[in-house]
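Just follow the structure's listing: the first ligand is 1, and inside any ligand the first atom is 1.
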Amino acid sequence: MQWEQLWLNYKKNLDYVDKDFFAVIHQKIEGKLIDSGVRELTKVAEEMFGINTKVKTSIWEEQGDVLQRRCDVISPEEQRIVLQLTDDLSLGEEGYEITIEENQLIINAPSAKGILYGAFHIIRQANQGKPLMDLPRRNIPRNNYRMMNHWDDFGGNIERGYSGKSFFFKDREVLMSERLIDYARLMASIGINQVVLNNVNTREGASELITKKYLPKLRGVADIFEEYGIQLFLSINYAASMDVGGLETADPLDEDVVTWWQKRAKEIYQYLPHFGGFLVKADSEGRPGPFTYGRDHSEGANMIARALKPYGGVVIWRCFVYNCRQDWRDTTTDRARAAYDNFMPLDGMFDDNVILQIKNGPVDFQVREPVSPLFGGLRDTNQILEVQIAQEYTGQQIDLCYLLPMWKEVLDFRTYCQEEEDTVADIVSGRTFGSLKCGMAAVANTGDDPNWTGHDLAAANLYGFGRLAWDTTLSSEDIAREWARQTYHLEGRLEDTLLEMLMGSWNTYENYTSPLGIGWMVNIGHHYGPNVDGYEYDVWGTYHRANHLEIGVDRTSKGTGQTQQYQLPNSALYEEIETCPQELLLFFHRVPYSYRLKSGKTLLQHIYDTHFQGVEEVEEMIRKWESLKEAVDPVVYQRVKERFERQLENSKNWRDVINTYFYRKTMIPDEKGRPIHG
Ligand code: GCV
């Protein structure tokens with residue numbers, strides 16, 4: 001096999017207490033999704049328990065006007081898993097309930113999709129060696145949209161991809177392979193229900209994906225996805241009416257443009273009847289958009305959404321809109337303000353099948369940012385939270401960086417948009433404002449590497465995103481443990497060691513890279529490794545403005561005023577240097593190096609200390625990994641070890657470049673006299 005199975009790696013466990021349930025599957029319902037569930041359960045039975053499952057049916061069928069029950073013989077003594085529909089609609093379209101009645105473990109759900117998710121839940125439990133009795137009875141996803149965004153280019157490269165080439169596209173063709181099936185299994189097993197197949201930067205002819213030339217091939221992909229409850233979405237070029245349609249304009253109020261999109265939508269749904277809709281990056285980093293025609297984003301998004309509306313499709317419109325041709329000498333324009341400034345005035349103006357997709361922070365997936373103020377600002381607009389599993393700014397799947405603790409902080413952030421149910425998790429789940437079209441999306445980190453994610457341990461982020469999008473109350477530690485147990489089947493202390501490595505890794509990465517929320521001190525273009533002034537005199541609006549006395553952008557009301565985009569008390573907290581959370585100090589404030597932090601250390605000494613500490617923590621992680629040598633597969637062990645060697649190199653590089661930079665600026669030595677290059 002050219003690729004591995006990640007957390008669907010079923011290891012023999014003949015002593016498993018509940019294995020006998022897997023002897024028989026009694027399906028009381030039929031269909032593609034049920035077939036997938038049955039296939040997976042029988043695979044588990046064989047690979048984990050050496051059991052050859054008997055699949056029995058009792059299904060109601062219409063025979064003329066009469067309903068007949070088609071029934072296989074099942075003896076009451078046989079232990080079995082029962083798949084059945086329930087009329088308990090309180091479980092929603094995707095929820096399920098698992099009950100145990102004597103010999104039967106019953107998955108009840110109002111839909112086949114719920115039953116499939118229930119089957120994967122049983123598998124997750126069994127694969128961790130946990131008794132099925134301990135299963136929570138009812139399980140309903142917190143978010144309706146649980147989405148993967150792939151930045152796969154039509155030619156086969158992946159933008160910000162660190163795990164090989166695309167397994168969706170090659171040389172401007174749509175690929176159909178066995179790997180797609182495994183991809184769909186993996187995604188369904190963690191509750192992902194929507195996938196955007198192509199890059200938001202629709203280049204290399206990808207605008208044409210929505211035409212007859214490619215729709216038949218996409219039908220094949222959609223069919224595979226649908227067997228696992230996944231809806232296909234595509235990224236589109238906002239100006240496709242020109243690029244593909246040959247019109248002279250993409251003005252959203254132009255009749256020809258409107259008609260062109262209506263025809264497109266009609267044709268797409270002829271080929272893809274369950275198509276989800278479009279993801280759009282407009283007026284962003286050189287992409288076309290409604291601004292060209294003097295129109296706003298609601299006019300652009302609504303025009304396309306109205307074309308999809310008759311078929312139930314949606315438009316997911318990204319808020320990543322900012323001036324990327326800034327003059328670094330201009331200190332009044334603040335990129336961190338941009339998404340809010342562009343979209344807040346449009347709150348309430350989007351159609352009900354438009355969803356705004358908002359990056360977790362106001363800038364761009366840095367190792368530390370505050371939460372985007374659009375969360376808690378927008379009240380009358382469908383919203384999706386976008387995070388990045390691909391580690392563009394967090395180590396590129398060379399460095400270990402388990403991102404769940406970061407995403408948890410974002411989800412748990414209180415926006416104070418109302419007195420209760422005001423966290424980001426509340427907002428994107430629809431609890432705060434009652435929207436049903438909302439949820440979470442993530443830029444995926446997969447590619448055609450045998451281990452899917454480049455760094456083996458980066459699969460924890462892929463797994464974790466799905467689990468968190470399903471249930472935002474799960475802890476990052478519980479998710480890590482679930483993932484580790486299913487993937488590596490380690491015993492006790494060994495598993496704890498792996499957990500410790502994962503849980504500390506985000507902080508470690510933050511320690512040796514850019515300090516206290518300042519971000520961006522990365523090499524230009526590819527974004528790996530340190531380059532403190534790399535973006536400082538560039539056009540991208542990402543400046544730290546360090547001189548020999550101080551560093552940071554004043555975003556208080558005396559500066560760019562970005563703190564005032566938050567609700568009280570957050571705005572007040574961020575406004576004052578004394579109350580600003582330390583980890584965001586340099587995001588919101590311009591601070592002298594001599595400023596004393598709560599720890600009593602100066603800002604400069606804090607920078608020195610964290611950078612030395614970061615490298616020591618990487619060395620400690622490596623020791624921990626080495627202690628697992630005998631317990632993990634040698635191929636995996638070696639692959640991860642090589643990544644750690646590169647991480648150690650990278651962390652030393654960051655430490656030395658950052659420390660030297662600040663030493664040269666200030667000429668103030670490290671209090672502890674450690675080597676810094678003068
Ligand atoms: C897909 C960042 C990345 C780009 C990415 C962009 C986006 O700027 O560097 O590669 O483009 O975000 O989210 O659209």
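Residues satisfying the side-chain hydrogen bond (donor to acceptor under 3.5 Å, both in side chains) criterion with Q357, sequence neighbours excluded, are N149, E386. Applying the side-chain hydrogen bond (donor to acceptor under 3.5 Å, both in side chains) test to W260 and every residue at least two apart in sequence or in another chain returns nothing.
Distance OG1/T331 to CG/D554: 10.0 Å, rounded to 0.5 Å.
Counting only residues at least two apart or on different chains, the salt bridge (Lys or Arg N to Asp or Glu O under 4.0 Å) pairs with a member in residues 285-305 are D251-R295, K281-E285.
Note that R179 lies in the cation-pi zone of W452, set by a 6.0 Å cut-off to the ring centre and a 45° limit from the axis.
Enumerated by chain and number, the residues approaching ligand 1 to less than 4.0 Å through a heavy atom are W151, E159, R160, N199, V200, N201, K281, E285, R318, F320, K359, D364, E392, Y393, H527.
In this pair, H150 and F167 present their aromatic rings perpendicular. The plane angle is above 60°, beyond the 30 to 60° band.
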